[in-house]
Q: 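After the structure tokens below, expect a handful of questions from me.
Only a predicted model underlies this, so the values are computations on that prediction, with no experimental measurement involved.
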Amino acid sequence: METALLPVSPDSLQRAAALLQAGQIVGMPTETVYGLAANAADPEAVARIFTAKGRPSDNPLIVHIAELSALPQLADPPALAYKLAKAFWPGAMTMVLPRRDTVPDCVTAGLDTVGIRMPSHPAAAALIRESGLALAAPSGNRSGSPSPATAAQMLADMDGRIPMILDGGPCEVGVESTVILVREDSVRLLRPGGVTADDLREFCLVEVDDGVLHPLADGEAAASPGMKYRHYAPAAEVTLVTGTAEAFAEFVTAHTASGVAVMASREELPRLPGLHVPFGRQGDPESQARELFTALRRCDELGAETVYVHCPPKRGIGLAVYNRLLRAAAFREIVL
Ligand code: TXA
Ligand code: MG
């Protein structure tokens with residue numbers, strides 16, 4: 001199959017919408033990461049997503065909508081969900097809610113909840129409207145590799161596996177949406193993202209799920225199935241290093257060898273040894289989120305065997321970056 005990479009235009013949106021209506025799957029830009037979209041109501045189309053990604057079938061998909069009126073058709077939301085929707089949609093927040101029977105089992109992986117998000121990227125909203133469908137869409141990477149932050153990164157993973165990717169430019173946020181389980185008057189943070197725990201605390205109690213920062217114990221069930229897999233990982237062995245810029249520089253100088261890469265801010269890189277992987281700007285977690293997945297893919301392009309990552313602060317969106325890095329590093333972290 002030829003994979004067409006088309007810039008977003010009225011014509012390409014129409015072609016993508018027609019493919020979706022015909023049960024095909026399409027690469028779609030969102031403000032978080034690129035997604036691989038299918039008609040959420042069509043189990044055969046949804047099955048194509050799992051095949052193209054090589055995704056385990058017990059990992060549920062997020063359903064994307066463009067209007068709040070689509071929400072009660074898919075889920076049975078408590079009042080708090082509407083408050084949060086008003087504050088954070090369209091945007092980088094996915095709410096896990098009690099599902100309705102209209103959502104096929106293959107989307108929810110048989111759970112009695114469904115994850116729903118209203119993306120803010122204009123091309124994603126236009127595609128949902130043009131197709132007239134709710135779109136199930138996981139991140140557009142092959143299962144296990146870093147999520148795509150650009151159309152070219154998605155093409156590298158999906159070339160020949162899907163008919164089309166809409167190119168809407170690089171993603172603004174760079175890490176996937178915040179996933180929260182919404183209850184009557186509190187939420188449980190399952191995956192940190194662009195909408196931070198502090199943003200949510202303005203509206204309700206926020207409990208951070210253990211899975212956000214810790215590996216699951218053997219046999220423990222994941223609240224968010226996607227968080228249990230080794231994820232976002234380059235071929236190299238990744239180790240997180242937490243400490244000041246000085247301590248990090250000392251550490252990597254002591255551990256340099258051929259095949260060793262360092263992933264650190266642009267300000268730090270010039271005085272570090274090894275293969276350089278730029279990772280945002282110092283003290284600017286938004287830029288580190290935006291560059292995270294490009295940096296992880298860069299490690300492979302450089303043929304790195306070992307990567308030392310200077311760990312960003314774990315606050316705000318930095319928590320989302322840290323959560324992804326922990327999985328890329330299989331939880332290997334050195335605190336200096
Ligand atoms: O920003 C995003 O969320 C992107 C864009 C494309 O919207 N999508 C994305 O999808 O990251 P995916 O499939 O790569 O990650 C979805 C995460 C997984 O960890 C999955 O287990 C969790 O959300 N999830 C989905 N539905 C769930 C549910 N009903 N209960 C618990 N976790 C759920
Ligand atoms: Mg994903």
Side-chain angles (χ1 to χ4, degrees), residues 1-53 61-75 85-86 88-95 100 102-104 106-107 114-141 147-155 157-159 161-173 176-177 194:
M1 182 188 303
E2 282 274 309
T3 304
L5 183 61
L6 301 179
V8 174
S9 72
D11 180 58
S12 63
L13 280 167
Q14 223 170 43
R15 281 175 62 184
L19 283 169
L20 291 168
Q21 287 161 348
Q24 290 300 324
I25 55 180
V26 167
M28 141 178 109
T30 87
E31 71 280 20
T32 56
V33 298
Y34 274 73
L36 181 55
N39 176 1
D42 178 350
E44 275 178 42
V46 171
R48 289 200 164 93
I49 292 179
F50 284 90
T51 306
K53 279 185 63 95
L61 305 180
I62 295 170
V63 179
H64 297 68
I65 59 175
E67 317 283 344
L68 202 54
S69 57
L71 180 59
Q73 297 164 26
L74 301 163
K86 195 165 168 224
F88 300 113
W89 277 359
M93 174 186 74
T94 296
M95 293 196 281
R100 294 212 188 275
T102 48
V103 185
C106 55
V107 171
V114 59
I116 303 184
R117 177 163 107 82
M118 187 188 290
S120 69
H121 196 295
L127 186 59
I128 296 165
R129 292 204 175 100
E130 180 80 31
S131 64
L133 303 170
L135 298 179
S139 50
N141 51 290
S147 297
T150 65
Q153 287 171 9
M154 182 158 181
L155 185 67
D157 275 21
M158 289 297 161
D159 200 10
R161 304 180 152 256
I162 62 174
M164 188 196 288
I165 300 171
L166 284 173
D167 187 349
C171 299
E172 235 178 84
V173 180
E176 309 87 341
S177 61

Q: I need the minimum non-hydrogen distance between Val63 and Ala40, along with the two atoms involved.
A: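 The pair with the smallest heavy-atom distance is CG1-CB, 4.0 Å.
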
Q: Give me the atom names and distance for the closest heavy-atom approach of Ile162 to Met1.
A: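 So the two residues come closest at C-SD, 3.2 Å.
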
Q: Applying side chain to side chain contact (heavy atoms under 4.5 Å, CB included), can you list everything that pairs with Phe50, at least two apart in sequence or on another chain?
A: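 In terms of side chain to side chain contact (heavy atoms under 4.5 Å, CB included), with neighbours along the sequence ignored, Phe50 is linked to Val46, Arg55, Leu61.
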
Q: Check whether any side-chain heavy atom of Ser131 lies under 4.5 Å from a side-chain heavy atom of Asn39, and answer yes or no.
A: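 With C-beta onward as the side chain, the pair stays apart.
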
Q: Quick one: closest heavy-atom pair of Leu13 and Leu127, and the distance?
A: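 Reported closest heavy-atom pair: O-CD1, 3.8 Å.
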
Q: Closest approach of Leu20 and Ala37, non-hydrogen atoms and distance?
A: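 It is CD2-O, 3.4 Å.
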
Q: Can you find a pair of side-chain heavy atoms, one from Leu6 and one from Met164, that are under 4.5 Å apart?
A: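 Result yes, sub-4.5 Å side-chain heavy-atom pair found.
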
Q: Any salt bridge between Glu176 and Arg117, counting N to O under 4.0 Å?
A: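 Answer for the salt bridge query: no.
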
Q: Scan Pro122, Pro119, Cys171 and name whichever one has a side chain to side chain contact (heavy atoms under 4.5 Å, CB included) with Glu31.
A: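 The passing option is Pro119.
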
Q: Any side-chain donor-acceptor pair under 3.5 Å between Thr32 and Ser177?
A: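 On atom types as modelled, these side chains do not qualify, holding no pair under 3.5 Å.
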
Q: Return yes if some donor-acceptor pair links the side-chain N/O of Arg48 with the main-chain N/O of Gln24 below 3.5 Å, else return no.
A: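 Looks like no, no N/O pair under 3.5 Å.
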
Q: Looking only at atom types and distance, does a side-chain atom of Glu130 sit under 3.5 Å from a main-chain N or O of Ala126, one as donor and one as acceptor?
A: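 Here the side-chain-to-backbone pair does not exist.
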
Q: Measure the shortest side-chain to side-chain distance between Trp89 and Ile116 over non-hydrogen atoms and say whether it is less than 4.5 angstrom.
A: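 When only atoms from C-beta onward are counted, Ile116 and Trp89 do touch, with a gap below 4.5 Å.
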
Q: So, for Ala137 and Met28, which heavy atoms are closest and what is the spacing to 0.1 Å?
A: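 That would be CB-CE, 4.0 Å.
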
Q: Ala123: what forms a side chain to side chain contact (heavy atoms under 4.5 Å, CB included) with it, not counting sequence neighbours?
A: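 So Ala123 forms a side chain to side chain contact (heavy atoms under 4.5 Å, CB included) with Val8, Pro29, His121.
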
Q: Could you report the tightest heavy-atom contact between Met95 and Ala85, atom names first, then the distance?
A: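 Heavy-atom minimum between the residues: CE-CB, 4.0 Å.
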
Q: Determine whether Met118 and Met93 make a side-chain contact, defined as any pair of heavy atoms from C-beta on separated by less than 4.5 Å.
A: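 The answer is no; the side chains never approach within 4.5 Å.
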
Q: Quick one: does Glu67's side chain get under 4.5 Å of Arg129's, heavy atoms only?
A: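 They are in contact (side-chain heavy atoms under 4.5 Å apart), so the answer is yes.
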
Q: Between Lys86 and Leu68, does a side-chain contact (heavy atoms from CB on, under 4.5 Å) hold up when you go through it step by step?
A: CA-CA 9 Å; Lys86 195 165 168 224; Leu68 202 54; over 6 Å; no

Q: Rounded to the nearest 0.5 Å, what separates atom CG in Leu36 from atom CD1 in Ile25?
A: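 If we round to the nearest 0.5 Å, Leu36:CG and Ile25:CD1 are 4.5 Å apart.
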
Q: Counting C-beta onward and ignoring hydrogens, is there a side-chain heavy-atom pair between Gln73 and Thr102 closer than 4.5 Å?
A: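 No, side chains not in contact.
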
Q: If you round to the nearest 0.5 Å, how far is OG1 of Thr150 from CG of Asp167?
A: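 Nearest 0.5 Å value for the CG-OG1 distance: 8.0 Å.
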
Q: Within the structure provided, determine whether Leu133 and Gln21 are in side-chain contact (heavy-atom separation under 4.5 Å).
A: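 Yes, their side chains come closer than 4.5 Å.
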
Q: Atom CD of residue position Glu172 - does it have more than 12 heavy atoms of other residues, nucleotides or ligands inside 6.0 Å?
A: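 No, CD of Glu172 has 12 or fewer neighbouring heavy atoms, counting only those of other groups under 6.0 Å.
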
Q: Please determine, by modelled atom types, if Ser139 and Asn141 share a side-chain donor-acceptor pair under 3.5 angstrom.
A: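 Distance-only check passes for Ser139 and Asn141.
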
Q: Sequence neighbours left out, what passes side chain to side chain contact (heavy atoms under 4.5 Å, CB included) with Pro43? Give chain and number order.
A: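 With sequence neighbours excluded, Pro43 shows a side chain to side chain contact (heavy atoms under 4.5 Å, CB included) to Pro104, Cys106, given in chain and number order.
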
Q: Apply side-chain contact (heavy atoms from CB on, under 4.5 Å) to the pair His64 and Ile128, showing each step before the final yes or no.
A: CA-CA 8 Å; His64 297 68; Ile128 296 165; 4.0 Å; yes

Q: Among Leu166, Asp159, Ile165, which one satisfies side chain to side chain contact (heavy atoms under 4.5 Å, CB included) with Leu5?
A: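 Of the listed residues Leu166, Asp159, Ile165, the side chain to side chain contact (heavy atoms under 4.5 Å, CB included) partner of Leu5 is Ile165.
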
